[in-house]
Amino acid sequence: MKKGSSVFRVFSFIEPLFFSFHYLSGRRRFFVVIFGAAVALTITRLLVPIYIGHAVSSIEERDLSGAISSAVFIVYVSAIAGVMRFLVNYLSQYMSQVYAYNLRGDLFRHLLRKKVSFFENETSGDLLSRMTMDVRASRNFILATMAQLIPTMLLIAFSLYFLFNIRPVYALTFFLVVPLLIYTGIIFQKKQRTHWRNIRLEYGRMNEELQENITGQRVVRGFSAEEQEKRKFVNTTKSYYHEYITISRLRGLFINLMPLIVASAATGILMIGGSSLIKTGLSVGPLVSAVNIFIMMGFPISFLGRLIVFSENARAGINRMQTILSGTMEEDFASGKDKIPGNDVEFSDVSFSRDGKLVLRDITLRAYPGETLGITGKTAAGKSTLASLIPRFYDPTSGDVRLGGISVRELKLHTLRSFISLVPQEVNIFSGTIRYNIIFGNNRNSDDRMRRVAEISRISRFIEDLPEGYDTVVGERGITLSGGQKQRIGVARALYTEPHILILDDATSSVDPQTELEMLQAIRRERGDLSIIIISHRDSVLRFCDRVVRIEDGTISALNGEMPGNEKSATGTKRAGALGDG
């Protein structure tokens, strides 16, 4: 079906339903039950006005037993309708929650597979809104479709049948009204589409600003920027408010317009049927049944207006979620080799560009097994980027990075990253206990190992002095911890995995030099075979290293052997040879 066709425009509002089928697989039998219950619900609901008409006719004919029988049948079919309504609503809620549960899980799995570069172009607030508001919007549509749309469409179809049996002219009037209602819905759908997309964008911005002000509260207070941030947030919420007001205005017009059309049709039926009955003297019962059927259609027709709102909201959300679900910019975890024969790292003519800018150029370097290699240089010289190429957070534009003589591109990502531990300058501390943060990402839960790595990282004394020790809960992003404490917990986390290569990317910059040196010496004593790459500006750290590489403007400008005044332990091995080997 072509998107430009009129038929597509009529039925495009149920497009999110097709999206949901993938997340409801295995439970499609419930659709059959819902549909069956909806058929029973529709028929029993329509029988009520029919029996009301029969009761009126019986009263006209002074047939008391007929009126009582009609009343009993009204109670009976109303009870059945109530049971069917419960069944439809309950199963619809169940199906919509299953859909949301599976969709959230799929979104989260895709997020975890995305490349680092994906998150550089997306804001966390916007991604959070896709995982929450957009999922909720599409769930509401699924719920409304199953709980209301199916019964409503059946009600329209059966109403035509019942009205035709009462009198064909009533069915003809109803049949003429339905296209007018559909056309009105199309116009409304088109008018609000852009506003729902804008609401999504504004909601993402609002989330981002809120998150930044919560996590950056100390900076805001430190610079007395409360009023500035308040004005900024008010402007964002004002845009969000205006878009919703526009939607509410359109919704108010449409939701009231559709019942008005139905009421006008019912009035016409009453006038035509009434004048006909006055002339013919026939029973008024069938007319009462027809008018009640028209009145019964008021709420379902109003629902069609709300359904179009749900549809536009859901479609806007689904379009935004598709950027996560599309499979683009995702890492391949399945293919590659499982074994790494050695823990030497080799960069061979490596260059790397980002957004058309050359960050690294013709890097040739080797870090030997058991060696401590220092990397230094000015800010933005490319040091962190160089370290990020080893665990394949990025891939080189040209050249190759090898571990144990094997290109990192040929290794399984899980195998590669289990072989390496990288500690960045900004250590991420998760909400939870200190224990959880140290053993994060490991299935092994060894208290002895945890305490040992905490001791090596020179954080054990601080933890043990806490009232709850390792079970102390730290705040979001470790807000209750100092910068140095976070970094030492980050080092402990890296050591807990027992890596073969440890990369410290300015990871001890907030630790005092004496504690930093003691920690490095303890790591070397514990793991003499560990290859360590340290990015730092501190002379005390660089003196500890076997060799030091200086990077300037994305290329190696100097490579030295053992630094003067080297204070490292005797377990390290000096690697002379410089640039020819690197």
Does a salt bridge link Arg527 with Asp529, judged by any charged N lying under 4.0 Å from a carboxylate O? yes
side-chain contact (heavy atoms from CB on, under 4.5 Å) evaluation trace for Glu371 with Ile532: CA-CA 6 Å; Glu371 179 187 34; Ile532 305 175; over 6 Å; no
Do other residues, nucleotides or ligands put more than 12 heavy atoms under 6.0 Å from Glu518 CD? yes
Under 3.5 Å, is there a donor-acceptor pair between the Ser129 and Arg320 side chains? yes
How about Ser460 and Glu455: does a side-chain donor come under 3.5 Å of a side-chain acceptor? no
Expected output: side-chain Arg402 to main-chain Ile406 donor-acceptor under 3.5 Å: no
Tell me, with the steps shown, if Arg104 and Thr132 meet side-chain hydrogen bond (donor to acceptor under 3.5 Å, both in side chains). CA-CA 8 Å; Arg104 288 192 192 100; Thr132 54; over 6 Å; no
Check whether any side-chain heavy atom of Leu358 lies under 4.5 Å from a side-chain heavy atom of Phe352, and answer yes or no. no
Examine the side chains of Tyr99 and Ser138 and answer whether a donor and an acceptor come within less than 3.5 Å of each other. yes
Can you see which heavy atom on Asp395 is nearest to which on Leu389, and at what distance? C-CD2, 4.0 Å
What pair of heavy atoms forms the shortest contact from Arg361 to Asp553, and how long is it? NH1-O, 3.6 Å
Tyr436 ring center within less than 6.0 Å of Phe440 ring center: yes
Heavy-atom side-chain proximity of Leu103 to Phe19 below 4.5 angstrom: yes
For Asn235, I'd like to know if atom CG has over 12 heavy atoms of other residues, nucleotides or ligands within 6.0 Å. yes
Exam field: side chain Asp126 to backbone Glu122, donor-acceptor pair closer than 3.5 Å: no
Tyr94-Arg27 side chain donor-acceptor pair, cut-off 3.5 Å: yes
Can Lys115 and Glu331 be counted as an ion pair, charged N to O under 4.0 angstrom? no
Begin from the C-alpha positions of Glu346 and Val401 and carry the test side-chain contact (heavy atoms from CB on, under 4.5 Å) through to its verdict. CA-CA 6 Å; Glu346 184 179 358; Val401 180; over 6 Å; no
Side-chain touch Met206/Phe233, heavy atoms, less than 4.5 angstrom: yes
Within the 4.5 Å heavy-atom criterion, are Ser92 and Asn89 side-chain neighbours or not? no
Residues Thr323 and Arg130: side-chain donor-acceptor under 3.5 angstrom: yes
For Phe108, look at atom CZ and say whether over 12 heavy atoms of other residues, nucleotides or ligands are found less than 6.0 Å away. no
Looking just at side-chain N and O atoms, do Gln487 and Thr508 make a donor-acceptor pair shorter than 3.5 Å? no
Give the C-alpha distance, both sets of side-chain angles, the deciding distance and a yes or no for side-chain contact (heavy atoms from CB on, under 4.5 Å) between Val135 and Met321. CA-CA 8 Å; Val135 172; Met321 289 188 287; 3.8 Å; yes
List the atom of Ile199, the atom of Met133, and the distance in Å for their closest heavy-atom pair. CG2-CE, 4.0 Å
Pick from Ile534, Val548, Ile375: which one makes a side-chain contact (heavy atoms from CB on, under 4.5 Å) with Leu542? Val548
Determine whether a donor-acceptor pair (N or O, by modelled atom type, separation under 3.5 Å) exists between the side chain of His414 and the backbone of Phe333. no
Rounded at 0.5 Å granularity, tell me how far CD1 in Ile439 sits from CZ in Arg449. 13.0 Å
With under 30° as parallel and over 60° as perpendicular, where do the rings of Tyr244 and Tyr240 fit, or are they tilted in between? perpendicular
For Leu373 against Ala367, the heavy-atom pair lying closest together: CD2-CB, 3.8 Å
Would you sort out whether Asn313 and Asn140 count as a side-chain contact (heavy atoms from CB on, under 4.5 Å), showing the intermediate values? CA-CA 9 Å; Asn313 204 353; Asn140 287 340; over 6 Å; no
Asp447 with Arg435: basic N within carboxylate O range, under 4.0 Å: yes
To the nearest 0.5 Å, atom CD1 of Ile535 lies from atom CG of Asp506 at 7.5 Å
Just by distance, do the side chain of Arg538 and the backbone of Ser509 share a donor-acceptor pair under 3.5 Å? yes
Heavy-atom donor-acceptor pair, Gln485 side chain to Ser482 backbone, under 3.5 Å: yes
Counting only N and O atoms by type, is there a donor-acceptor contact under 3.5 Å from the side chain of Arg366 to the main-chain atoms of Ser348? no
Without swapping roles, check the side chain of Thr236 against the backbone of Lys232 for a donor-acceptor pair under 3.5 Å. yes
Without hydrogens or angle criteria, can the side chains of Arg488 and Ser457 be said to hold a donor-acceptor pair below 3.5 Å? no
Under a 3.5 Å threshold, yes or no: a donor from one side chain and an acceptor from the other, between Ser384 and Asp505? yes
Please report the shortest heavy-atom distance between Ala137 and Ala314, naming the atom on each side. O-CB, 3.9 Å
Do Ile340 and Thr415 come within less than 4.5 Å of each other through their side chains, counting heavy atoms only? yes
Might you point out which heavy atoms bring Ser353 and Thr397 nearest each other, and give the distance in Å? N-OG1, 2.8 Å
Asp332 versus Ser335, side-chain donor and acceptor atoms under 3.5 Å: yes
Looking only at atom types and distance, does a side-chain atom of Lys383 sit under 3.5 Å from a main-chain N or O of Lys378, one as donor and one as acceptor? yes
Considering only heavy atoms from C-beta outward, does the side chain of Leu111 approach that of Ile324 to under 4.5 Å? yes
Backbone N/O of Gly469 and side chain of Thr472: donor-acceptor pair under 3.5 Å: yes
Between Thr497 and Ser421, a side-chain donor and acceptor under 3.5 Å: yes
Note: Arg458-Glu516 ion pair, threshold 4.0 Å (strictly below): no
Heavy-atom count check: over 12 atoms from other residues, nucleotides or ligands less than 6.0 Å from Tyr101 OH? no
State, with a plain yes or no, whether a side-chain heavy atom of Phe141 is found less than 4.5 Å away from one of Arg315. no
Is any NZ, NE, NH1 or NH2 atom of the basic residue among Arg451 and Asp448 found under 4.0 Å from an Asp or Glu carboxylate oxygen of the other? no
Looking at Arg139, is its backbone amide N or carbonyl O close enough to the side chain of Ser96 to form a donor-acceptor pair, meaning the two atoms are under 3.5 Å apart? no
Donor-acceptor pair between Ser531 and Asn343 side chains, under 3.5 angstrom: yes
Do Leu325 and Leu107 make a side-chain contact, defined as non-hydrogen atoms from C-beta onward lying under 4.5 Å apart? yes
Do we get Arg354 above Tyr394's six-membered ring, with its NZ or CZ under 6.0 Å from the centre and within 45° of the axis? yes
